[in-house]
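Let me begin by presenting the structure, written as structure tokens, before commenting on it.
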Number of protein chains: 2
Amino acid sequence: MDRFADIRTAALELFTRKGYEATTMADLGAAVGMRAPSLYKHVDSKQDVLARIMTATMTELLAVHRTAVATTADPVERLRRATEAHVRYHARHRLEAFVGNREIRALVEPHRGRVLALRSEYEAAFRELVEAGVATGDFHVASVKLASYAILDLGMGVAVWYREDGEYSEDTLVWQYSEFALNIVGAATRQVEPS
Amino acid sequence: MDRFADIRTAALELFTRKGYEATTMADLGAAVGMRAPSLYKHVDSKQDVLARIMTATMTELLAVHRTAVATTADPVERLRRATEAHVRYHARHRLEAFVGNREIRALVEPHRGRVLALRSEYEAAFRELVEAGVATGDFHVASVKLASYAILDLGMGVAVWYREDGEYSEDTLVWQYSEFALNIVGAATRQVEPS
DNA sequence: CGTCACGGCTAATGTTCATTAGCTAACGTG
DNA sequence: CACGTTAGCTAATGAACATTAGCCGTGACG
């Protein structure tokens, strides 16, 4: 079986719980049942593990975003789907998203630059989504940039506190947060009674 | 002059930029113009620096929150003021807020427990604010917890990207984000034309 | 049945740190 | 003008860590 997949999974958990710097190769080895030096049969370096996780994550996130907005032109629906994809990814892949957001500092060039570029691209995509809705008069915001940042930040938050076995199903969460996003841009479609 | 204040300031910048683990006592010393060992004339340990920063920050945040909601009983106004205080604090003390949010992992007991308790208290306060508005019918949310998390997350986001010399004044930001918060709980008071 | 690559191990290396020891210059106080 | 205290320094200490070297059992394949 692919030992690298195990290492990657263990690294996700450790990087999330202790952080990249505080995670030792011995920790990582122990988590997959081997000694630190043996890890080097599967990865180039600790930095390599982080870099692979982070680039894959950002690429994936960008991909789900593109898929989400691919099949409709309506600004409201585009933003809804993009937010759904955003929140769903941050819930379903919360460790990846968590590490991806928090450990950019630990990433070294050239990986750092690449990941930051992907992230800018992702942010720009949301900004354009909001802009489009403003242009059609569907959205009403004082600042496109602030509104899109706010929506993006919601996803990051989810990655921090969401638990698969927690109080909320992924769908409940996704649906609720999309509503929040539409509320933020002033495109509320319906009001919900308290539960 | 109080050398500790300088050290604290330098530590804030370094912990934000590189992270606690990646910051060395030599870095910190260099930032205030002394060698690493000399720092120990002013602080007990590296952990001590972090602990002092984090407890002070959480205590302060709780204090501004209490002041913000102290003088009105109207749920809408209470949430608005709490959000304003929240966002304003995260903008004005962005380094403190950033470190306070991100370095809990690096904090060791008993500080960690204390800071987490303060944070729970803060979160609970927001939850109660939303709950009160739902009770009076001013707010309309499917889940009090999700809505209050979403609002709290907005502040965290601000601490990440806000720059004092950036595009937005503190007031613009605070005002906009409070609007977002009220939108999130379905208590929108006005719509704003695009800028 | 030999052999070779794979994937593990222990031991060693060299570095980086936080922190401690112990020295000293400056300075305020009597 | 002694003198102790403050706040800096260099040197030392001891631990932790990423990574490399080199060894060995196992199992696939000829």
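Protein chains get the first letters and strands the later ones, always in sequence-line order, with residue 1 at the start of each.
Aromatic ring centres of H93(A) and F98(A): separated by at least 6.0 Å. For H90(B) and Y162(B), the ring centers sit 6.0 Å or farther from each other.
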Which pairs, protein N/O on one side and nucleotides 3-6 of chain C N/O on the other, fall under 3.5 Å?
none

Which atoms of nucleotides 15-19 of chain D (N or O only) lie under 3.5 Å from a protein N or O atom, and what are those distances?
unit_1	atom_1	unit_2	atom_2	d
dA18(D)	OP1	T23(A)	O	3.4
dA18(D)	OP1	K46(A)	NZ	3.0
dA18(D)	OP2	M25(A)	N	2.9
dT19(D)	OP2	Y40(A)	OH	2.5
dT19(D)	OP2	K46(A)	N	3.1
dT19(D)	O5'	Y40(A)	OH	3.2

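Side chain of R35(A), nearest nucleotide from dG8(D), dC9(C), dT10(D): dC9(C).
Taking atom CG of residue D2(B) and atom C1' of nucleotide dT6(D), one finds them 14 Å apart after rounding to whole Å. Rounding to whole angstrom units, CE of residue M34(A) and P of dG8(C) are separated by 4 Å. A straight line from NZ of K41(B) to C1' of dT5(D) spans 10 Å, rounded to a whole angstrom.
Using a 4.0 Å cut-off between charged nitrogen and carboxylate oxygen, R81(B) and E84(B) do not count as a salt-bridge pair. Under the 4.0 Å criterion applied to side-chain N and carboxylate O atoms, D74(A) and R78(A) are not assigned as salt-bridge partners. Using a cutoff of 4.0 Å between basic side-chain nitrogens and carboxylate oxygens, R8(A) and E13(A) are not scored as salt-bridged.
Distances shown here put every side-chain N or O of S38(A) at or beyond 4.0 Å from the OP1 or OP2 atom of dG7(C). Considering only side-chain N and O atoms, H42(B) lies under 4.0 angstrom from the phosphate OP1 or OP2 of dG8(D).
A ring pair (Phe, Tyr, Trp, His ring centres under 6.0 Å) with Y149(A) is found for one member of F180(B), Y168(B), Y177(B), W161(B) and no other, namely W161(B).
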(request) Please step through ring pair (Phe, Tyr, Trp, His ring centres under 6.0 Å) for the pair H65(A) and Y89(A), ending with a clear verdict. (result) CA-CA 9 Å; H65(A) 172 80; Y89(A) 187 89; over 10 Å; no
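Legend: salt bridge (charged side-chain N to carboxylate O under 4.0 Å, His left out) pairs involving residues 109-132 of chain A, not counting sequence neighbours, sorted by first then second residue: R66(A)-E121(A).
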